[in-house]
Amino acid sequence: MGKLLLTSGQVSIVLSAAIVFLFTFALFLSGYVLQQRYVHSLQAAIKPRLPKPLPAPIPIEPPTLNVKWARPMGGRPAVDESAEQLIAGQTLDWSRLGYVQVVRAHVELCSAVMLLADFHKMKSPAKRILMFPRIWLKKAGEDEWDPQMSTTRRLLRTAVRRYGVTLIPMETIVDGGDDSLPSSYSLASLYLLTEYERVIYLQGPGVLLDASALDSLLAFSKSEPMAAYPATPERKDLSTSLLLIHPSRESFRQLKASRSSRPVKDIDLFREAFAAPESLISDWSLSMGNVVYESQKLRDAIDGFNATIFEQATTYVRLSDPELPGPEYDVPYYDRAKLRPKNGQARDAWEKLYEKFRQRRMEVCGLDLEVWTRPVLQAVAADEGDTAAAEL
Ligand SMILES: *[C@@H]1O[C@H](CO)[C@@H](O)[C@H](O)[C@H]1NC(C)=O
């Protein structure tokens, strides 16, 4: 009897020891897996921080034409001189082509630097230019330490040193305007970049998925005062989400005169100055896929939407959801969850874009998301996304 009891006691001891061992081992395994993952994501996070040598200025290869840019079958609607030149074996002068970001408020700076950093990371041969209010260069007095200003200076330095960005301070568009107000500055200042043959302006904040498609647009387009991304597929109006321009003093003079006569928003200023559809990027140039895509459109995704195909066919996604203050802000999970696309694949793509933005913000700017307090008035006008975000 005693022997039997002892045996069952031993059995239970062995059993519980085995169970304890198994659990410990499972815990160890899961801990190990987690740790490996953590190490990998740490490595991934650290990697892009390593300073990369700038691409050699000469000689520069023409951009790789990927499948998106395969010329569609059928006729070529416009003779494209630059393309002809390239085909004829002449080299493009990449030092006269560039991507430009215009920032008017401190809160916009990191997103602009991130976008230029993306072009750097994707090895675009074009120049990277950042325009910002000249007042930001003003030396602060000894005892006025402004944390916002010190972040701004740090980001401007990072842009130059790490991403080879050319800084261009800009003046207010109207002479004698209040240089402390973001609204005193205008996209019309792009036309002052006359040392460049063509520049592409992208409206942020957003995520660049493929620089080569834009490189091709920059390289193979004719120089025209304005080739804007159409506001709608009907091509009745221009939008300012992507502008391909040939800067000139003459265009600047006209825009400045028009803006000085009465205060208007940039979009209206440009719509008055440049008629559609003549001043829009040709359908032919846009036929390779989604050149500019707005994140809110993912909510309209229908069955069969494929996130992999979407990413492959998209060049740039502007993170714009009218109910959200912008991807720079930390919006509570439940507020975001309500807005996510219903379609599973589209939701994955949407979440991934916002998450990628958050990670890049940390890598490039060393900044966490901004604290967001829900505004008393929920109405944030869709077309005022950036300004609204700046004022929150
Ligand atoms: C999406 O498309 C890719 C490439 O064509 C394919 O491999 C994948 O299975 C598709 N995914 C879904 C969920 O249909």
Side-chain angles (χ1 to χ4, degrees), residues 30 33-34 36-38 40-41 43-45 47-48 61-74 76 114-115 117-124 200 202-220 229-230 232-233 241-242 281-324 327 331 333-361 363:
S30 62
V33 168
L34 270 178
Q36 284 302 303
R37 259 197 225 156
Y38 179 66
H40 280 146
S41 61
Q43 281 168 342
K47 227 184 208 164
E61 301 277 313
T64 37
L65 286 176
N66 59 23
V67 68
K68 267 179 243 184
W69 283 83
R71 307 249 139 143
M73 303 297 269
R76 293 181 55 187
M114 277 166 69
L115 204 48
D118 282 345
F119 282 108
H120 178 261
K121 187 180 175 189
M122 294 181 193
K123 301 204 165 33
S124 163
I200 284 183
L202 279 177
Q203 185 177 358
V207 174
L208 185 67
L209 299 178
D210 175 18
S212 67
L214 292 175
D215 284 341
S216 305
L217 185 64
L218 198 52
F220 300 142
Y229 198 75
T232 59
S241 54
L242 186 159
I281 297 175
S282 70
D283 263 338
W284 176 60
S285 293
L286 298 175
S287 54
M288 81 302 294
N290 305 316
V291 177
V292 177
Y293 194 90
E294 287 201 0
S295 56
Q296 59 183 293
K297 276 202 279 174
L298 283 168
R299 294 188 226 166
D300 305 330
I302 50 167
D303 285 350
F305 178 93
N306 182 316
T308 315
I309 293 172
F310 166 77
E311 276 165 33
Q312 284 168 358
T314 304
T315 301
Y316 174 67
V317 183
R318 197 171 143 233
L319 293 177
S320 155
D321 284 85
E323 304 87 342
L324 294 177
V331 175
Y333 177 79
Y334 289 104
D335 289 309
R336 277 163 35 112
K338 274 185 283 187
L339 300 169
R340 291 182 311 188
K342 299 284 177 288
N343 176 292
Q345 287 267 312
R347 184 166 61 235
D348 289 350
W350 192 88
E351 296 269 12
K352 206 165 137 190
L353 287 165
Y354 273 90
E355 179 55 20
K356 191 169 171 183
F357 184 93
R358 192 190 65 76
Q359 284 178 10
R360 273 301 265 167
R361 188 173 153 92
E363 286 167 17

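Counting convention: from 1, in listed order, for ligands and their atoms alike.
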* Closest approach of any protein heavy atom to atom 4 (C) of ligand 1, naming residue and atom ->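 Result for atom 4 (C) of ligand 1: Ile309 CG1, 4.4 Å.
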* Asked: Is it the case that Lys297 places NZ or CZ above or below the six-membered ring of Tyr293, under 6.0 angstrom from the centre and within 45 degrees of the axis?
  -> yes
* Closer than 4.0 Å: a protein non-hydrogen atom to atom 9 (O) of ligand 1 -> no
* Asked: Hey, would you say the Phe310 and Phe305 ring centroids sit under 6.0 Å apart?
  ->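 Aromatic pair counts; centres sit under 6.0 Å.
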* Does any donor atom in the side chain of Asp118 or Tyr316 lie under 3.5 Å from an acceptor atom in the other side chain? ->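 There is no such pair between these side chains.
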* Looking only at distances, please establish whether an N/O atom of ligand 1 is found under 3.5 Å from an N/O atom of Asn306. =>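 Indeed, backbone or side chain, Asn306 has an N or O that close.
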* Asked: What atoms of ligand 1 come within less than 4.0 Å of a heavy atom belonging to Gln345?
  ->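 Result: 13 (C).
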* **From Glu323 atom CD to Arg336 atom CZ, the distance as rounded to the nearest 0.5 Å** => 13.0 Å
